[in-house]
Amino acid sequence: GDLDLASRAVASLWRFWLQAGRLSECRELVDQEMALPGSDERSLARVALLDAAGAVVYWTEGFGAALPIYEEQAALAEEVGDESWRALALANLATARGFSNDISRAQETLALAEQAFEALGDRRVEFMTEYGLVMRLLVALQDPTGDRTALEELAEEYADAPQLRLRKLGLAARAGLASEAGHLAEATHAVATILRIGLATRETPTALADLAMVPWGGMPAEHPTEAVTILVALETAIDRLGVNLPYGFDRGAKAAFASALEPATYEAAVLRGRTMSLEQLADFIDEVGNSLPAEGPPVGISSPATGLG
């Protein structure tokens, strides 16, 4: 019926709204459909609607808020007996559990998703490689011993992979390792490439999330204008898309550089960041990387928000 058609339309279009910076419109439509008579029925229409609802919440409220939505979607897809939707819902749930630090259950759910896609002979089984790498990345980052061997293996194996989506994950591992070791020049070059991949694959929000992983506030004191420009450009892009990055973004970081700059210089750096396109930002980050020392003090490591949604 009309509800089924509308639900499937929203489920198929939420990525477009996200990329176009129109997530608020998508949320409005999702909320409206959730309020329609019959939307709470245990049906395939609700499974599709939950897909869009989970994605919207994921990008506006974070992993924890999206988790119960994806749990309902997976259970409902199994209940109504649609194997294609069940496979996709399990993949969504595995990702949400992984980023909510429930690694053991996430791995179990991912295995079920892989089995479901393989049974269907679905071409999307190829993307299970990517989900699997995300899980490996999360496990490596959360190693209680601080052992980075697994992270190093991911960077070595995938940072130059021909498949762009897999290369992005390898580069995220490389950027994390470089940041942790104080090799900010290497980290900046890695995230500049991640941003270009995000633009090429139309996955700008996840590229911005990875970009925010780099602790720009830890840039050497002799580069305050560059740090302010990058932080403002990133903040402007996030606001333009209307998202809250799953791992957050420190909007106050640029203020730490203000005292090192004359007011006019600071304002010029802010203006440059606000008017910079993402393509220009990638080039600018590479330029900054070329000017940074190869070695520096360790500045910590953050979990990359490689959300697949």
Side-chain angles (χ1 to χ4, degrees), residues 1-100 102 106 109-110 112-113 116-117 120 122-124 127 130-131 198 201-206 208-209 237-247 305-309:
D2 291 343
L3 179 60
D4 182 66
L5 183 63
S7 298
R8 289 176 183 272
V10 172
S12 66
L13 288 172
W14 70 259
R15 285 180 179 82
F16 164 76
W17 274 308
L18 173 63
Q19 183 72 19
R22 296 167 60 184
L23 206 55
S24 59
E25 293 177 40
C26 184
R27 178 151 205 165
E28 244 180 76
L29 283 171
V30 169
D31 289 344
Q32 288 173 8
E33 288 195 34
M34 284 287 199
L36 290 174
S39 64
D40 57 349
E41 290 180 6
R42 311 294 287 174
S43 65
L44 201 56
R46 184 167 179 82
V47 174
L49 192 54
L50 289 169
D51 194 65
V56 169
V57 170
Y58 172 97
W59 281 107
T60 55
E61 298 177 34
F63 304 113
L67 184 56
I69 298 174
Y70 286 139
E71 286 175 336
E72 181 186 351
Q73 185 193 29
L76 184 55
E78 182 165 7
E79 182 182 317
V80 300
D82 188 291
E83 289 302 312
S84 181
W85 269 112
R86 175 177 172 270
L88 182 59
L90 285 169
N92 286 337
L93 180 56
T95 305
R97 282 177 170 167
F99 282 112
S100 297
D102 190 354
T109 308
L110 183 66
L112 291 174
F117 278 121
L120 288 166
D122 195 304
R123 64 178 178 81
R124 284 174 295 185
F127 292 115
E130 185 182 357
Y131 280 95
T201 57
R202 297 186 179 276
E203 294 180 336
T204 306
T206 55
L208 291 177
I238 292 167
D239 290 343
R240 191 180 299 126
L241 286 174
V243 299
N244 287 316
L245 298 186
Y247 276 101
T306 44
L308 301 171

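- Expressed to the nearest 0.5 Å, how far CG of D102 lies from CG of L67 amounts to 8.0 Å.
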(request) Determine, step by step, whether R46 and E72 satisfy the side-chain contact (heavy atoms from CB on, under 4.5 Å) criterion, reporting the C-alpha distance in whole Å, the side-chain angles of both residues, the deciding distance to 0.1 Å, and the verdict. (result) CA-CA 10 Å; R46 184 167 179 82; E72 181 186 351; 2.7 Å; yes
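- Aromatic ring pairs are classed by plane angle as parallel below 30°, tilted from 30° to 60° and perpendicular above 60°; the pair F63 and Y58 is perpendicular.
- Side-chain contact between V47 and D82 is absent, with no heavy atoms from C-beta onward closer than 4.5 Å.
- Using a distance-only test at 3.5 Å, with no hydrogens or angles considered, a donor-acceptor pair links the side chain of Y70 to the main chain of A55.
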(request) Step by step, work out the side-chain contact (heavy atoms from CB on, under 4.5 Å) result for L120 and S84. (result) CA-CA 7 Å; L120 288 166; S84 181; 4.3 Å; yes
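- The shortest side-chain heavy-atom distance between L29 and W17 falls under the 4.5 Å cut-off.
- A distance of 11.5 Å separates CZ of R97 from OG1 of T95, quoted to the nearest 0.5 Å.
- Taking each heavy atom of G242 and T60 in turn, the nearest pair found is O-CG2, 4.4 Å.
- Checked for salt-bridge contact, R15 and E203 miss the test: no charged N lies under 4.0 Å from a carboxylate O.
- The CG atom of L90 lies 7.5 Å from the CD atom of E78; values are rounded to the nearest 0.5 Å.
- Note that the CG atom of L245 and the CH2 atom of W59 stand 6.5 Å from one another [nearest 0.5 Å].
- By the 6.0 Å contact criterion, CD on Q19 is enclosed, its count of non-hydrogen atoms from other residues, nucleotides or ligands being greater than 12.
- In this structure, the side chains of E71 and L93 come closer than 4.5 Å at one or more pairs of heavy atoms.
- Put simply, the side chain of L208 reaches to within 4.5 Å of the side chain of L241, judged on heavy atoms.
- Atoms CH2 and CG, on W85 and L50 in that order, are 9.5 Å from each other to the nearest 0.5 Å.
- The CG atom of L13 sits 12.5 Å away from the CG atom of L18 when rounded to the nearest 0.5 Å.
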(request) Show your working on side-chain contact (heavy atoms from CB on, under 4.5 Å) between M34 and L49 and close with a plain yes or no. (result) CA-CA 8 Å; M34 284 287 199; L49 192 54; 3.7 Å; yes
(request) Give the C-alpha distance, both sets of side-chain angles, the deciding distance and a yes or no for side-chain contact (heavy atoms from CB on, under 4.5 Å) between R202 and F16. (result) CA-CA 9 Å; R202 297 186 179 276; F16 164 76; over 6 Å; no
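- Side chains of D51 and I69 form no contact here, defined as non-hydrogen atoms less than 4.5 Å apart.
- Side chains of E61 and N244: a donor-acceptor N/O pair is absent below 3.5 angstrom, by distance only.
- Note on R86 versus E79: no salt bridge recorded, every NZ/NE/NH1/NH2 to OD/OE distance being 4.0 Å or above.
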